[in-house]
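Structure first, commentary second.
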2 protein chains.
Amino acid sequence: MFTPQPTTTARRSPLSREEVLHAAIRLADEGGIAELTMRKLADKLGIQAMSLYHHVANKDELLDAMVDAVFREIEVVTENAPWKPAMRQRAVSARQTLLRHAWALGMMESRANPGQATLECHDAVLGCLRRAGFSVALAAHAFSVLDSYIYGFVLQELNLPFQNPDDLQRVSGSILQNLPADTYPHLMEMMTAHVSQPGYAYADEFMFGLDLILDGLEQALGVRTQPDGCVALTGSG
Amino acid sequence: MFTPQPTTTARRSPLSREEVLHAAIRLADEGGIAELTMRKLADKLGIQAMSLYHHVANKDELLDAMVDAVFREIEVVTENAPWKPAMRQRAVSARQTLLRHAWALGMMESRANPGQATLECHDAVLGCLRRAGFSVALAAHAFSVLDSYIYGFVLQELNLPFQNPDDLQRVSGSILQNLPADTYPHLMEMMTAHVSQPGYAYADEFMFGLDLILDGLEQALGVRTQPDGCVALTGSG
DNA sequence: ACCTGAACACCGTTCAAGT
DNA sequence: ACCTGAACACCGTTCAAGT
């Protein structure tokens, strides 16, 4: 029996792996990683949960792909750019990306299969450093300390029980208000004299630590390229 | 009717909240956080899952208590110790503790209720810095950059698909072997010329970054306490 | 006070069956 | 090739009932 394709019928185009991936990311972005279940994801796509397994081997593989998609969003500018502003800008982009997808950081702990975008991002960073004169060993050091700092800072940022300065003042007040004033004196001082002051935002701490690390790397690079032992102070000081 | 207590009968002492907490930590340490379900935890304690709710409001409260117990394990030596070795030793202890409880880091992302041990740990660190002459603002900077680095480093360490140098050589080989040699040239160079060399261990990168940050903080402290603008180089260089 | 059985509303995934 | 219904072995948690 010949059954012609119903070309005129409004029909859902067959689901693609890309569609599944992006729907999963949107779901996790909006409702948190706990909201991302195969059943709810299927619901959002208008299919049954079991149909997802035609596009994705299992939930773990989906999570791997999601993490790789996050790395694709991190901008790495290395084209003939000096290493310091390039690394600085990449750090800023990485932080923004990881904040946009709050679920990603917590998932990296358990992922072991780096995707293509992840490898490309790493390669670009290493290339920038090597071209700037970093030895292989120093490039490894630099990569480690920069990524550690970025990941850890975002982890703390996401852990904060507030998102804006108004929240902060309210929350820090309620935490310490119920305690005797001398239980945590230094924490109390930090809250009252600094953190709860107008204009304070934890996000601003990011640049202090980032520049401290970049300056330290610059010094280490200078020591290496000038083996007379004289530290070259190339900063603004 | 009078029913006497069966004093002679071998009877389980009533379960305490502490017992539940430690069993939960052991379960997560051994099998990963996914293994920690209320049902399996109850099994291990020889009771039914529902009985746990007499000692813990819900799973979320249990997770909060587990994170706080991890902070209790971090050693903070601040008694009259100079700030630099004290902060160095605390960073080492924090890293070891977080490696011992690999589940803890991923959970901090979603916890918002700091416990007593957490607050005590933070207070001790701030006290050490303040006594050493750090301004409130610089102490906040120092705290942020140090904790960010520690957390981020451990996050990367846990993310590595190997635990010892032997694994490393095998894994790094299999990742890059299947690729054309020029797809990720700098990653390839890093693997072949550095990471896969005998004696390399990612764990050793920890001290480079830690000392880089501590030296940077020392410099920032010196600049502040000597307002003549002359940087005091108190390091070994 | 502490523990429990049964139940509810969920999970990820398999498998045989449909078109 | 793609989707599905039914089922399996799990979840966290509630609630009424036991001692």
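The chains referred to below are lettered A, B, ... by the order of the sequence lines, with proteins before strands, and numbering in each begins at 1.
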In whole angstroms, the gap separating P of D:dG12 from CG of B:Leu63 amounts to 10 Å
Here the residues of residues 48-58 of chain B within 4.0 Å heavy-atom distance, strictly under, of DNA chain C are B:Gln48, B:Met50, B:Ser51, B:His54, B:His55
- request: List the steps and the verdict of salt bridge (Lys or Arg N to Asp or Glu O under 4.0 Å) for A:Arg72 and A:Asp68.
  value: CA-CA 6 Å; A:Arg72 202 171 297 122; A:Asp68 202 49; 3.5 Å; yes
To the nearest angstrom, the CG-P distance between A:Leu41 and C:dC11 comes to 12 Å
Item checked: Within 6.0 angstrom of A:Gln116 CD, more than 12 heavy atoms from elsewhere -> no
Whole-Å distance, A:Met38 CE to D:dT4 C1', equals 15 Å
Rounded to the nearest 0.5 Å, the CG atom of B:Leu52 sits from the CG atom of B:Leu62 at a distance of 8.0 Å
Separation of C:dG18 atom P from A:Ile47 atom CD1, nearest Å, is 21 Å
Contacts of B:Glu205 meeting salt bridge (charged side-chain N to carboxylate O under 4.0 Å, His left out) (sequence neighbours excluded), chain-then-number -> none
By side chain to side chain donor-acceptor pair (under 3.5 Å), B:Glu73 pairs with (sequence neighbours left out) B:Arg100, B:His101
Separation of C:dC2 atom C1' from B:Arg17 atom CZ, nearest Å, is 16 Å
Rounded to whole Å, CG of A:Asp60 lies from C1' of C:dC11 at a distance of 15 Å
Those residues at least two apart in sequence (or on a different chain) that pass side chain to side chain donor-acceptor pair (under 3.5 Å) with B:Ser51 are none
Salt bridge (Lys or Arg N to Asp or Glu O under 4.0 Å) pairs touching residues 140-154 of chain A, sequence neighbours excluded, are A:Arg90-A:Asp147
Could you walk me through whether A:Glu35 and A:Arg26 pass the salt bridge (Lys or Arg N to Asp or Glu O under 4.0 Å) test, one step at a time? CA-CA 11 Å; A:Glu35 201 69 6; A:Arg26 278 229 306 172; over 6 Å; no
In whole angstroms, the gap separating C1' of C:dC11 from CD1 of A:Ile33 amounts to 14 Å
Checklist entry - Is the phosphate of C:dC11, meaning OP1 or OP2, less than 4.0 Å from a side-chain N or O of A:Lys59? => result no
Here DNA chain C, pairs taken as Watson-Crick or G-U under 3.5 Å and shown with ( ), [ ] when crossing and | when to another strand, reads ||.|||||...|||||.||
dist B:Leu41:CG -> B:Ile25:CD1 (nearest 0.5 Å) comes out at 11.0 Å
Atom CZ of B:Arg39 and atom P of C:dC10 are separated, to the nearest Å, by 15 Å
